[in-house]
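Each chain gets a letter, A, B and so on, in the order its sequence line appears, and its residues count up from 1.
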2 protein chains.
Amino acid sequence: MSPEVPDRLSLTLNALADPTRRAILARLSLGETSVNELAEPFEMSLPAVSKHLKVLERAGLISRSRTAQWRPCKLEPEPLKEVDMWLRDYRKMWEQRLDRLEAYLKELQAKETQAQSAKPKDDNTKDGEIK
Amino acid sequence: MSPEVPDRLSLTLNALADPTRRAILARLSLGETSVNELAEPFEMSLPAVSKHLKVLERAGLISRSRTAQWRPCKLEPEPLKEVDMWLRDYRKMWEQRLDRLEAYLKELQAKETQAQSAKPKDDNTKDGEIK
DNA sequence: CTCATTATTAACTGATTGGTTAAATAAAGC
DNA sequence: GCTTTATTTAACCAATCAGTTAATAATGAG
């Protein structure tokens, strides 16, 4: 029933969950730019880009100044910092997972070496890549 | 016209852009759980939670096993790692910004000290925290 | 003042989202 | 085989989203 205003982090993540918007941010990381220039690489109308910019602005990811009829956009990294902070708590999880993989590989290698001591041939363990 | 399958990062960020889903992940960071238990803290129907889980699963953020009629969910941190990697390129931006703030504060402090040299009183500059 | 340029707003559309309730499925217990 | 428990699917709905085209606003140039 209430209009339900979303929290800042949700606003930010939602803004980031679109490849066009991320591309815009990537472009802006190189420096301030006008809307037209931002829109140029995309095959969509200017109003569409304008809407994306509004989403980014609402999330605080960009700010806009005004020079003549241009409204140059500027990247504001603060919300990204918040995403980073949210991620922090989970970071240890994939690191831990890597640790376990590493341990497993070490164990495997130990077993291999042991087996090879009987019939020594070429070593096949070279990379920890999964996929 | 084409169904337009979204890239993995967009899928992940979109899944994260919802407080309910983030809360589910937070709960799962404590360990595997059943759907009912996951749903318990929320005042929404079970099917609604089930849908949220499907979004998380589609993004690869959770996996599900099966024991009897239970389908315990488990957190899969891999996609979070990808978000972290995406963030990496921007991380220097807010750090840089902090650096600039620091430099500014140092400069301010220098000016203050200079001013204080005439009328020396207590030092008020202590922390670089913003908010 | 008029025109060209830059960008936004309005009005519309179809697709997706996030929720609902009711029905269906799956497995285990008796 | 029926019942209970756990969970998903189906069908529906209102709200939001992502795009469109057409109209509007703001500014500077001539």
- Taking the nucleotide of DNA chain D with the closest heavy atom to each, which residue, A:Arg58 or A:Ser45, is nearer the 5' end?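 Closest to the 5' end, via its nearest nucleotide, is A:Arg58.
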- Message: I want to confirm an ordering. Mapping B:Glu37 and A:Glu43 to their closest nucleotides on DNA chain D, which one lands closer to the 5' end?
- Response: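 The residue mapped nearer the 5' terminus is B:Glu37.
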[N] phosphate, OP1 or OP2, under 4.0 Å from [X] side-chain N/O:
X: A:Arg21; N: D:dA18; answer: yes
X: B:His52; N: C:dG19; answer: yes
X: B:Lys54; N: D:dT9; answer: yes
X: B:Ser50; N: D:dT7; answer: no
X: B:Arg64; N: D:dT8; answer: yes
X: B:Ser34; N: D:dA6; answer: no

Whole angstrom value for the distance that separates [atom2] of [N] from [atom1] of [X]:
X: B:Trp70; N: D:dA6; atom1: CH2; atom2: C1'; value: 7 Å
X: B:Leu38; N: D:dT8; atom1: CG; atom2: C1'; value: 15 Å
X: A:Asn14; N: D:dT16; atom1: CG; atom2: C1'; value: 10 Å
X: B:Glu57; N: D:dT9; atom1: CD; atom2: P; value: 10 Å
X: A:Ile62; N: C:dA7; atom1: CD1; atom2: P; value: 12 Å
X: A:Asn36; N: C:dA4; atom1: CG; atom2: P; value: 17 Å
X: B:Ile24; N: D:dT7; atom1: CD1; atom2: P; value: 13 Å
X: B:Gln69; N: D:dT7; atom1: CD; atom2: C1'; value: 9 Å

- Message: Please tell me whether A:Leu11 and A:Ile62 are part of a single hydrophobic cluster in this structure, the criterion being side-chain heavy atoms less than 4.5 Å apart.
- Response: no
- For the student: nearest non-hydrogen atoms of A:Cys73 and A:Arg64, plus distance: SG-CG, 3.8 Å
- What one should report as the nearest heavy-atom pair of B:Pro72 and B:Glu32 is CB-OE1, 3.8 Å
Between [options], which nucleotide has the shortest distance from any of its atoms to the side chain of [X]?
X: A:Ala68; options: D:dG28, C:dA27, D:dT8; result: D:dG28
X: B:Asp18; options: D:dT7, D:dT20, C:dG18; result: C:dG18
X: B:Leu46; options: D:dG28, C:dT8, D:dT7; result: D:dT7
X: A:Lys51; options: C:dT8, C:dA26, C:dA11; result: C:dA11
X: B:Pro47; options: D:dA6, C:dT9, C:dA22; result: C:dA22

- Intermediate values then yes/no, side chain to side chain donor-acceptor pair (under 3.5 Å), A:Arg71 and A:Ser34: CA-CA 6 Å; A:Arg71 262 153 244 194; A:Ser34 73; over 6 Å; no
- Query: Going by an N to O cut-off under 4.0 Å, is there a salt bridge joining B:Lys81 and A:Glu95?
  - Reply: no
- Item | Pairing of A:Asp84 and B:Arg88 as salt bridge, 4.0 angstrom limit | no
